[in-house]
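All remarks here apply to the structure that follows.
Just so it is clear, the values below take in all heavy atoms, side chains as well, and ignore hydrogens, waters and symmetry mates. Letters A, B, ... are given to chains in the order of the sequence lines, protein chains preceding strands, and every chain is numbered from 1.
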There are 2 protein chains.
Amino acid sequence: MEKSQDALVLLRQIIRATDLHDKHLSRMTGLTMPQLMTMQTLRINGPLTIGMLAKEMNLAQATVTSILDRLERKKLVRRERSNTDKRKVLACPTEEGLELLKSAPATLQDTFIRQFEDMPDWEQSMIVAALEHVSHILGAHHLDAAPMLDIGALDRTTETRPPEYLRDTGDHHKN
Amino acid sequence: MEKSQDALVLLRQIIRATDLHDKHLSRMTGLTMPQLMTMQTLRINGPLTIGMLAKEMNLAQATVTSILDRLERKKLVRRERSNTDKRKVLACPTEEGLELLKSAPATLQDTFIRQFEDMPDWEQSMIVAALEHVSHILGAHHLDAAPMLDIGALDRTTETRPPEYLRDTGDHHKN
DNA sequence: TTCATTGCTTCGCGTTGCAAATTAATTAAC
DNA sequence: GTTAATTAATTTGCAACGCGAAGCAATGAA
């Protein structure tokens, strides 16, 4: 059957596009992708314990610890011990960290939303229905997911500027 | 608008599902994801020079060199100098390497294809049309992409290269 | 008190990923 | 035909990932 191949290629294209955009964001913010991912997760969920953060990102706790070390050094994240249970450590995004995400360049979902909402209502419904179908086929419907296509950034501000203000060690990952 | 949020969540779910499946494949084969990616690219395109391989995967040449070092140590890939231009080095998947990919667990696209082809024709067309729309919105329609959802493993419907040495199952190679 | 569990960090190791420097082969210029 | 520039891959050095195992402190249970 020809159409299933078409569908697969299209899905692959979509995934590839988001991946490339993630790498672009990475360059713009000066953060690595795991670092961006971490900031994004914190922005969405608010302060999380290291364990929760690890689970949320499908990484080992030790991995998250080291990522947080670097984010803390850049003052984008602050560690805070829990009062009720002093074993727990909360990772909190700093003001600076949230600022950084806000100033990230226009995101893929902005583009998507703009064009999507220009479409007639019946077409929107058709796309949602189709995506629902695909998600179900892949057994993905139970996965929790934020309404965003790329790792970083939110908000309307269309500021496209590479930040100079994180200098620590040479951290420019290029990808 | 509510529906654009729905669409974004669904897309994110789909991407997340393929990512999780990739990690599963990685564990099963004993290869890292870049290594799997490399093997997969070679399986699809046949022998490639290091430079082509790097471009295909959006990586620096030096990175690919080191990945190939490890794949060669595992005897999954063989290096071969070009006769016509002795600067060039071709990376060729070995029989063992192709075997490994073949013996990988059932892939996501297998699941997808099976269920997709059970759908009535009009529904298939609807999904392809919707995906086409999304791909276009994201500017992804020009990206070249193989008809597969996960990095590893082969699907028998896509033999772009005739590996005359297929046949047989059951040789699990764990690094 | 004692013991097991939980949550995070530390340590060691291998893998990615890149830029810069290096080597070798090809091509262009003189 | 020698010299110079270009191209292709490797080597080197360095930071970041990613994980398991070991360690430590706080909590909970016996």
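- The distance from atom CD of B:Q61 to atom P of D:dT10 is 8 Å, rounded to the nearest whole Å.
- Side-chain heavy atoms closer than 4.5 Å link hydrophobic residues (I, L, V, M, F, W, Y) into clusters, and following such links, possibly through other members, connects A:L131 to A:M119.
- Distance CG (B:L31) to P (C:dG14): 17 Å, rounded to an integer number of Å.
- When each of C:dG17, C:dC8, C:dT9 is scored by its nearest atom to the side-chain atoms of A:K88, the top-ranked nucleotide is C:dC8.
- Distance, A:L68 CG to C:dG7 P: 16 Å, rounded to whole Å.
- Here C:dC8 presents its C1' atom at 15 Å from CE of A:M52, a figure rounded to the nearest Å.
- The listed nucleotides are C:dG17, C:dA19, D:dG18; the one nearest the side chain of A:L59 is D:dG18.
- Salt bridge status for B:K74 with B:D69: absent, with no side-chain N to carboxylate O gap under 4.0 Å.
- Among the atoms of the strands shown, only primed sugar atoms or phosphate atoms (P, OP1, OP2) are found under 4.0 Å from some heavy atom of A:A60.
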Side-chain donor-acceptor contacts of residues 46-57 of chain B below 3.5 Å, not counting sequence neighbours, with atom names and distances?
{"residue": "B:T49", "atom": "OG1", "partner": "B:M52", "partner atom": "N", "Å": "3.2"}

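- To the nearest angstrom, C1' of C:dT6 lies 16 Å from NZ of A:K86.
- Residue B:R87 places no side-chain atom within donor-acceptor reach of the base of C:dT26, judged by atom type and a 3.5 Å distance cut-off alone.
- At D:dA9, none of the side-chain N or O atoms of B:T65 fall inside 4.0 Å of OP1 or OP2 (strictly under the cut-off).
- If A:I67 and A:T84 are placed on DNA chain D by their nearest nucleotide, the residue sitting closer to the 5' end is A:I67.
- Here the C1' atom of nucleotide D:dA26 and the CG atom of A:N83 are 14 Å apart, to the nearest Å.
- Taking side-chain N and O atoms only, B:T49 has a distance below 4.0 Å to OP1 or OP2 of D:dA9.
- Looking at heavy-atom distances under 4.0 Å, A:R79 makes contact with sugar-phosphate atoms alone, never a base.
- Using a cutoff of 4.0 Å between basic side-chain nitrogens and carboxylate oxygens, B:R70 and B:E72 are not scored as salt-bridged.
- Computed from coordinates, the B:D85 CG to D:dT7 P distance equals 12 Å when rounded to whole Å.
- Note: B:H24 and B:H21 have tilted aromatic rings, judged against thresholds of 30 and 60 degrees for the angle between ring planes.
- When rounded to the nearest whole Å, the span between CG of B:D69 and P of D:dT10 equals 7 Å.
- If you check C:dC18, D:dT10, C:dT9 against the side chain of A:V89, the one that comes closest is C:dT9.
- Minimum atom distance to the side chain of B:R70 is reached by C:dT15, of the listed D:dA21, C:dT15, D:dG18.
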